[in-house]
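Just so you know, these numbers come straight off a predicted model, no measurement behind them. No hydrogens, no waters, no symmetry mates; every other heavy atom, side chains included, goes into these values.
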Amino acid sequence: MPDLVLGVSGSVACYRAADLARELMREGFSVRVCLTDSAARFVSPALFEALTGQPCLSDVFEEPERGRMAHIDWARSAAALVVAPATANTLSRLAHGLGDDMLTTIALAFEGPLVLAPAMNPAMYDHETTREALDRLTERGAWVVEPAEGEVACGEQGQGKLASIPEIVAAVLEATAHGSSLAGRHVLLTSGPTQEPIDDVRFLSNRSSGKMGAALARAALQMGARVTVVSGPVALGYPPQAEVVRVRTALEMLEAALSHVAQADLIVGVAAVADYRPAQRAPGKLRRQADTMALDLVANPDVIATLAGRAKPGALCVAFAAEPGEGLGPAYAKLKAKGVRAVAVNDVSQPGLGMEADENALTLVTESGEVASGRMSKSRLARWLLERLAGELG
Ligand code: PMT
């Protein structure tokens with residue numbers, strides 16, 4: 001039976017954690033419960049010990065087995081860490097890497113999927129610091145089961161009620177199933193923009209931030225893959241477990257990606273590669289002269305099409321397409337022109353979606369049809385996409 005750690009923090013919704021523990025056990029998990037001090041004032045460890053047949057921890061110095069460090073043992077053996085209910089305080093402590101009680105100490109030592117089910121007063125849920133903590137945790141790959149709308153314990157209305165038990169269980173099943181669907185696979189991603197030099201100080205580029213590529217790298221690692229990212233210049237960091245090759249131009253991106261393509265099982269072209277580059281790079285700094293000026297451009301190689309032609313047999317090669325809302329015709333054309341098995345289309349004309357944004361929406365186009373994701377965070381979307389692609393890999 002896979003182990004789960006259920007962390008319970010101090011919200012009135014604590015009492016529902018008992019039902020959650022039971023349901024998770026019905027799904028075949030062995031559940032060990034860890035209470036924060038505040039949770040232990042709402043519910044007793046004895047309740048969870050009786051329900052689960054396992055010790056329930058709260059104090060960081062409590063060691064059910066003498067000479068063993070419980071926070072490490074629990075973190076190593078758990079298939080997922082589920083925090084339900086997760087209070088604003090616990091979310092902020094998790095987001096900032098505090099280890100000031102048993103639950104946060106386990107979380108720091110834990111390397112698997114983290115499922116969070118917040119519950120609190122709606123104003124606390126809306127508070128900037130809570131939103132920042134949730135954003136930070138989502139960025140790191142946590143599954144967040146959004147609280148429901150309605151009347152909360154204090155009598156106020158709004159979003160803050162602990163999500164339903166079936167919703168939390170579904171997220172745990174998704175998070176744990178997810179863990180190995182790309183195990184043993186090598187995922188090669190291109191990400192970010194390219195910069196094509198005009199002279200020594202200027203370049204042609206675009207607004208790609210690398211967020212979508214970083215989200216895919218994180219999700220692929222969570223799914224057990226080895227990940228290589230060939231990235232144009234971006235300000236953000238990629239996960240430390242990924243191999244990251246930094247490049248500047250489309251030509252450099254092609255060369256770096258080609259040196260990894262032979263091993264790759266899944267190749268995804270997320271990068272916004274410049275279609276053209278200046279024919280000449282002027283030395284130094286071009287001086288202002290006439291009122292108008294023409295730049296000669298030459299076409300860059302198509303990186304993803306070249307990778308598709310060099311991929312090993314059975315590898316799955318996927319392009320992204322940034323489309324300004326003109327339907328899916330261009331995406332079907334790209335499917336053929338680039339020789340890829342799928343094109344993930346995002347409509348970059350939608351405010352708040354696509355380049356630079358934290359959210360996106362994709363339509364995955366293959367020869368057999370289309371499937372749309374709906375709008376979601378890039379982290380969730382990355383999982384959505386990789387689950388489908390992992391299914392294609394077989
Ligand atoms: O980085 P973010 O800010 O998070 O934004 C993400 C994104 C919007 C850049 C990303 O989701 C996306 O849509 N990436 C592809 C953007 C793009 O260049 O689309 P395209 O339609 O021009 O290119 C189609 C495909 O061909 C892409 O896979 C692209 O990587 C590839 N291509 C294009 C030209 C070229 N010379 N070589 C290529 O490999």
Side-chain angles (χ1 to χ4, degrees), residues 1-94 97-110 112-121 124 142-143 145 147 152-154 160-169 171-172 175-176:
M1 266 200 304
D3 277 352
L4 283 184
V5 175
L6 173 59
V8 180
S9 59
S11 144
V12 179
C14 271
Y15 72 95
R16 293 177 57 203
D19 278 344
L20 177 60
R22 290 283 288 260
E23 286 307 316
L24 290 168
M25 288 164 68
R26 281 198 189 107
E27 290 295 338
F29 293 105
S30 162
V31 178
R32 299 204 271 199
V33 177
C34 177
L35 301 180
T36 64
D37 285 349
S38 313
R41 298 179 70 168
F42 283 110
V43 282
S44 150
L47 169 69
F48 291 102
E49 288 183 348
L51 275 177
T52 64
Q54 305 270 359
C56 171
L57 294 183
S58 182
D59 183 343
V60 76
F61 290 103
E62 210 175 338
E63 305 295 0
E65 279 184 70
R66 277 176 71 91
R68 298 207 52 94
M69 283 185 265
H71 65 288
I72 304 294
D73 280 355
W74 283 34
R76 290 292 164 267
S77 59
L81 171 58
V82 185
V83 185
T87 60
N89 180 42
T90 294
L91 291 172
S92 289
R93 289 185 305 131
L94 291 171
L98 298 189
D100 56 355
D101 66 1
M102 190 52 134
L103 176 56
T104 50
T105 314
I106 292 172
L108 277 176
F110 180 64
L114 175 64
V115 180
L116 301 166
M120 66 198 76
N121 168 277
M124 292 169 81
W143 267 251
V145 193
V152 292
C154 60
K161 285 163 71 77
L162 183 69
S164 71
I165 303 296
E167 279 177 285
I168 302 171
V169 172
V172 174
T176 46

A.B. asks: Is there a side-chain contact between M25 and T52 (heavy atoms, below 4.5 Å)?
C.D. replies: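 Answer yes - side chains close enough.
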A.B. asks: Is there a side-chain contact (heavy atoms from CB on, under 4.5 Å) between I168 and L24 once you walk through the steps?
C.D. replies: CA-CA 9 Å; I168 302 171; L24 290 168; over 6 Å; no
A.B. asks: Hey, does the side chain of S58 reach the backbone of L35 with a donor-acceptor pair shorter than 3.5 angstrom?
C.D. replies: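 Checked: pair present.
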A.B. asks: Can you tell me how far the CZ atom of F48 sits from the CG atom of L57, to the nearest 0.5 Å?
C.D. replies: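 Spacing of CZ (F48) from CG (L57) equals 13.0 Å.
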A.B. asks: Looking at V152 and G160, what are the two nearest heavy atoms and their distance?
C.D. replies: CG1-C, 3.9 Å
A.B. asks: If you define the side chain from C-beta out and look only at heavy atoms, does anything of F42 sit under 4.5 Å from V8?
C.D. replies: no
A.B. asks: Return the minimal non-hydrogen interatomic distance between D59 and M102, and the atom names on each side.
C.D. replies: O-CE, 3.9 Å
A.B. asks: Please report the interatomic distance OG1(T36) to CZ(R41), rounded to the nearest 0.5 Å.
C.D. replies: 10.5 Å
A.B. asks: Hey, could you give me the NZ/OG distance between K161 and S11, rounded to the nearest 0.5 Å?
C.D. replies: 11.0 Å
A.B. asks: Calculate, to the nearest 0.5 Å, the distance between atoms NE2 and CG belonging to H71 and L103 respectively.
C.D. replies: 12.5 Å
A.B. asks: Can you confirm whether V31 sits close enough to L51 that some side-chain heavy atom of one is under 4.5 Å from a side-chain heavy atom of the other?
C.D. replies: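 No, every pair of side-chain atoms sits at 4.5 Å or beyond.
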A.B. asks: Might you point out which heavy atoms bring L98 and T104 nearest each other, and give the distance in Å?
C.D. replies: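 Taking L98 first and T104 second, the nearest heavy atoms are O-CB, 3.1 Å.
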A.B. asks: State, to 0.1 Å, how close A75 and F110 come at their nearest heavy-atom pair, and which atoms those are.
C.D. replies: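 Result for this residue pair: O-CD1, 3.2 Å.
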A.B. asks: Please list all pairs meeting side chain to side chain donor-acceptor pair (under 3.5 Å) that have one or both residues in residues 16-25, counting only residues at least two apart or in different chains.
C.D. replies: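 Counting only pairs at least two positions apart or across chains, the side chain to side chain donor-acceptor pair (under 3.5 Å) contacts touching residues 16-25 are E23-R26.
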A.B. asks: Please report the closest heavy-atom contact between R32 and D3, naming both atoms and the distance.
C.D. replies: NH2-OD2, 3.6 Å
A.B. asks: Atom OG in S164, atom CG in L20: separation rounded to 0.5 Å?
C.D. replies: 10.0 Å
A.B. asks: Between side-chain atoms of residues 79-93 and protein atoms elsewhere (two or more places apart, or another chain), which donor-acceptor pairs fall under 3.5 Å?
C.D. replies:
unit_1, atom_1, unit_2, atom_2, d
T87, OG1, T90, N, 3.1
T87, OG1, T90, OG1, 3.2
T90, OG1, R93, NH2, 3.3
S92, OG, A88, O, 3.3
R93, NH1, D100, OD1, 2.6
R93, NH1, D101, OD1, 3.3
R93, NH1, D101, OD2, 3.1
R93, NH2, D101, OD2, 3.1

A.B. asks: Can you tell me how far apart CG (L6) and SG (C34) are? Round to the nearest 0.5 Å.
C.D. replies: 9.0 Å
A.B. asks: Which heavy-atom pair separates A18 from L47 by the least distance, and what is that distance?
C.D. replies: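 Closest approach of A18 to L47, heavy atoms only: CB-CD2, 4.1 Å.
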